[in-house]
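So the structure is just underneath, and the comments pick up after that.
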Amino acid sequence: MAGMAAVFFLYAASGPVTPWWGQALLLAFWALLLLVAAAWWSLHPTWVPWVPVVGFVVLFATVVAGAAWWGWAD
């Protein structure tokens, strides 16, 4: 869960390079990941550390693709 907190700061700090709607979608996705991590906390505790890793990869890919293809951060 500490990883989810760390990834949250990256999601929140991506505002200057994403449009407002992109930021809203990214934060909604982070909230979904948080729900998944909380659900897996008791059921599959060994899977929980992978949730922030997935969150970071999705954030990185989205910001890079947005900058390359959609002109974000111009």
Side-chain angles (χ1 to χ4, degrees):
M1 287 304 210
M4 288 302 296
V7 170
F8 172 75
F9 287 107
L10 296 175
Y11 273 75
S14 68
V17 295
T18 60
W20 68 268
W21 55 269
Q23 180 75 15
L25 288 174
L26 284 171
L27 288 174
F29 180 71
W30 179 86
L32 176 71
L33 288 177
L34 183 63
L35 290 175
V36 168
W40 284 354
W41 185 262
S42 295
L43 297 174
H44 307 286
T46 58
W47 295 0
V48 175
W50 290 102
V51 178
V53 172
V54 169
F56 175 75
V57 169
V58 168
L59 174 68
F60 183 77
T62 303
V63 170
V64 168
W69 296 331
W70 301 309
W72 293 359
D74 281 341

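As a basis for the values below, the full set of heavy atoms in this structure was taken, side chains included, without hydrogen atoms, waters or symmetry mates.
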Open item on the list: Under 4.5 Å between side-chain heavy atoms, counting indirect links through other Ile/Leu/Val/Met/Phe/Trp/Tyr residues: same cluster for V64 and V17 or not?
Closed with: no
Task: Heavy-atom closest contact (P49 atom, P52 atom, distance) - done: O-CD, 3.3 Å
Task: Single-linkage hydrophobic cluster, 4.5 Å side-chain cutoff, F56 and W47 together - done: yes
Task: Contact summary for V51 and L33, nearest pair of heavy atoms - done: CG1-O, 3.5 Å
Open item on the list: With clusters defined by side-chain heavy atoms of hydrophobic residues (ILVMFWY) lying less than 4.5 Å apart, directly or transitively, does M1 cluster with F29?
Closed with: yes
Open item on the list: Let me check something: do V54 and W40 share a hydrophobic cluster, defined by ILVMFWY side-chain heavy atoms less than 4.5 Å apart, either directly or through other members?
Closed with: yes
TODO: Would you check if P19 and W72 make a side-chain contact, meaning some heavy-atom pair closer than 4.5 Å?
DONE: yes
TODO: Starting at CH2 of W21, measure out to CG of L25 and round the result to the nearest 0.5 Å.
DONE: 7.0 Å
Task: Whether Q23 side chain and Y11 backbone form a donor-acceptor pair below 3.5 Å - done: yes
- [ ] Would you kindly confirm whether V7 and W41 end up in one hydrophobic cluster when ILVMFWY residues are joined by side chain heavy atoms under 4.5 Å apart?
- [x] yes
Task: For T18 against S14, the heavy-atom pair lying closest together - done: OG1-O, 3.0 Å
